[in-house]
Amino acid sequence: MLKLIMGFLEGKKILIVGVANKYSIAAGIAESMHKQGAELILSYQSERLKDKVMKLGNDWGCNTYIECDVASDESISKMMDIIKKEWGFLDGIVHAVGFAPANELDGNFIDASTREGFITAHDISVYSFTALAKAGKSLMNGRNASLLTLSYLGAERTLPNYNVMGVAKAALESTTRYLANSMGENGIRVNAISAGPVKTLAASGVKSFKKMLTYNASRAPLKRNISTLEVGNAAAFLCSDLASGITGEILYVDAGFNITAMGDLSEI
Ligand code: NAD
Ligand code: 0WE
């Protein structure tokens, strides 16, 4: 018997925001979505990243690349205009963007926190998700489209140095629920993945990041860290019609770390 093998994202057109290099979580997502048959458009933050992102995108069959600074409504709106011309519609948006000034992520929360840092972190890491949803809504209307963002356990628990990013991720998870409720009537689903720590550009320069990876791997039920492709596979599922009943959900891809409280006692 002839069996046709089709990816579960066949026919879906998806915008991915947040590829910087091959280590980016967004790159793992692009790779998995491409394998499942999605057509992708990649945006990049600035000219400086253009060549690198275009080289990567080549392997995922991309032929449209758009510069977009998510801090600017004008930049987002120009991007959506290009997508409208190129595709006419959109079946999904992946938001894999986060930023706080480096000095906010170093030291005791109260000492490191500033009003300016709070505003920047929330603008780039939280509001930008709503901004993309708002600007992309008309392109996604009535298509069983889906939005996805990336969160981290620091939204719910404190950990060293994550500081204002934890506060921003809590707001991002809440934003996921409000967007899900707001866009449900348009058939648009909105979800988040809470990923375990991965050594990406955003993690480089973070004090003791290697120690955090070791800590997580030793305590997680799976006794290891996760890969960007594992995040990508969950992202592909959530943005596909296989997840048609799921919205407003925060899905952990963290080797189970979040369910533990005491790990094992072998080191004590
Ligand atoms: P990354 O550095 O590869 O990706 C961050 C991206 O944000 C980059 O592509 C950067 O260009 C983009 N960006 C920053 N400011 C922007 C702006 N103004 N306009 C447009 N783009 C902008 O790092 P990553 O770890 O892949 O981060 C992706 C997402 O995953 C972030 O939301 C991060 O908080 C989240 N996350 C990361 C980890 C981890 O351990 N690496 C764990 C859980 C969640
Ligand atoms: O969400 C993230 C990355 C957040 C991030 C990291 C940086 C470092 C460089 C946002 N903005 C910046 N700005 C910079 O200038 N993660 C989940 C990875 C991460 O970052 C941490 C972590 C973990 C985990 C920062 C401190 C402590 C733990």
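First listed ligand is number 1; within each ligand, the first listed atom is number 1.
A distance of 12.5 Å separates NZ of K55 from NZ of K50, quoted to the nearest 0.5 Å. The structure places CE of M80 at 5.5 Å from CG of L15, a figure rounded to the nearest 0.5 Å.
Under the 3.5 Å distance criterion, the side-chain polar atoms of D91 are left unmatched by any main-chain donor or acceptor of A145. Without hydrogens or angle criteria, K12 side chain to G37 main chain gives no donor-acceptor distance under 3.5 Å. At distances below 3.5 Å, not a single donor-acceptor pair connects side-chain atoms of E173 with backbone N or O atoms of A170. Side-chain atoms of N181 do not come within 3.5 Å of backbone N or O of R177 as any donor-acceptor pair. The closest donor-acceptor contact from the side chain of T247 to the backbone of V190 lies under 3.5 Å. A side-chain donor-acceptor contact under 3.5 Å links Q36 to the backbone of F8. S125 contributes a side-chain N or O that, together with a main-chain N or O of F99, makes up a donor-acceptor pair within less than 3.5 Å. Side-chain atoms of N21 come within 3.5 Å of backbone atoms of Y23 as a donor-acceptor pair (strictly under, hydrogens ignored). In this structure, T260 contributes its side chain and F257 its backbone to a donor-acceptor pair below 3.5 Å.
Scanning the protein for heavy atoms near atom 42 (C) of ligand 1, the closest one is G196 O, 3.5 Å. Of the protein's heavy atoms, A202 O, 3.0 Å lies nearest to atom 8 (C) of ligand 2. In terms of protein heavy-atom proximity, atom 3 (O) of ligand 1 is nearest to S24 OG, 2.6 Å. Summary of contacts: the protein heavy atom closest to atom 5 (C) of ligand 1 is A96 O, 3.8 Å. Looking only at heavy atoms of the protein, atom 20 (C) of ligand 1 is closest to C68 O, 3.4 Å. What sits closest to atom 25 (C) of ligand 2 on the protein, heavy atoms only, is V206 CG1, 3.4 Å. Nearest to atom 27 (C) of ligand 2 among the protein's heavy atoms is P160 O, 3.4 Å. Looking at atom 24 (C) of ligand 2, its nearest protein heavy atom turns out to be M212 CE, 3.4 Å. In terms of protein heavy-atom proximity, atom 36 (N) of ligand 1 is closest to I25 CD1, 3.9 Å. Atom 2 (O) of ligand 1 has its closest protein heavy atom at A202 N, 3.1 Å. Closest to atom 41 (N) of ligand 1, if we only count protein heavy atoms, is V198 O, 3.0 Å. The protein heavy-atom contact nearest to atom 21 (C) of ligand 2 is Y162 CD1, 3.5 Å. Counting only heavy atoms of the protein, atom 15 (O) of ligand 2 lies nearest to A102 CB, 3.5 Å. For atom 4 (O) of ligand 1, the nearest non-hydrogen atom of the protein is G18 O, 3.6 Å.
Of all atoms in ligand 1, numbered sequentially from 1 with element shown, those under 4.0 Å from a heavy atom of A20 are 8 (C), 9 (O). Applying the 4.0 Å criterion to heavy atoms of N161 picks out, from ligand 2, the atoms 26 (C), 27 (C). Of all atoms in ligand 1, numbered sequentially from 1 with element shown, those under 4.0 Å from a heavy atom of V19 are 9 (O). Near G98, meaning under 4.0 Å from one of its heavy atoms, ligand 1 places the atoms 7 (O), 31 (C), 32 (O). Taking a cut-off of under 4.0 Å to the non-hydrogen atoms of F209, the atoms of ligand 2 that pass are 19 (C), 23 (C), 24 (C).
Ligand 2 lies nowhere less than 4.0 angstrom from a heavy atom belonging to G205. G154 does not count as a contact of ligand 2, since none of its heavy atoms falls under 4.0 Å from the ligand. Within the 4.0 Å heavy-atom shell around ligand 1 one finds L49.
Closest heavy-atom approach to atom 23 (O) of ligand 1 within the set L150, D254, L201, T200: this belongs to T200. Among S75, S151, S43, the residue whose heavy atom lies nearest to atom 44 (C) of ligand 1 is S151. Summarising the contacts of atom 32 (O) of ligand 1 with H95, E67, K169, Q45, the nearest heavy atom is found in K169. Closest heavy-atom approach to atom 13 (N) of ligand 2 within the set G117, A100, P197: this belongs to A100.
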Next item on the list: Step by step, work out the salt bridge (Lys or Arg N to Asp or Glu O under 4.0 Å) result for K13 and E86.
Entry: CA-CA 11 Å; K13 296 186 189 295; E86 202 71 25; over 6 Å; no
Note to self: Using the rule given for side chain to side chain contact (heavy atoms under 4.5 Å, CB included), can you reason through D69 versus S46, listing the C-alpha separation, both sets of side-chain angles and the distance that settles it, and then say yes or no?
What the structure shows: CA-CA 7 Å; D69 176 356; S46 66; over 6 Å; no
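At a heavy-atom cutoff of 4.0 Å, ligand 1 is contacted by the side chain of I124 but not by its backbone.
Looking at V70 next to ligand 1, an N or O pair under 3.5 Å apart turns up. For A203, no nitrogen or oxygen atom sits less than 3.5 Å from a nitrogen or oxygen atom of ligand 1, counting backbone and side chain alike. Residue-to-ligand polar distances place D69 within reach of ligand 1: an N/O pair is separated by less than 3.5 Å.
At a threshold of 4.5 Å between non-hydrogen side-chain atoms, the residues N141 and S138 do not count as touching.
Judged as a side-chain hydrogen bond (donor to acceptor under 3.5 Å, both in side chains), the pairs with a partner in residues 93-116 (not counting sequence neighbours) are, in order, H95-S128, H95-T149, E104-T114, D106-K207.
V198 is connected to I16 through a chain of hydrophobic side-chain contacts under 4.5 Å among Ile, Leu, Val, Met, Phe, Trp and Tyr, so both are in one cluster.
When I226, V19, T228 are each tested for a side chain to side chain contact (heavy atoms under 4.5 Å, CB included) with I25, only one passes: T228.
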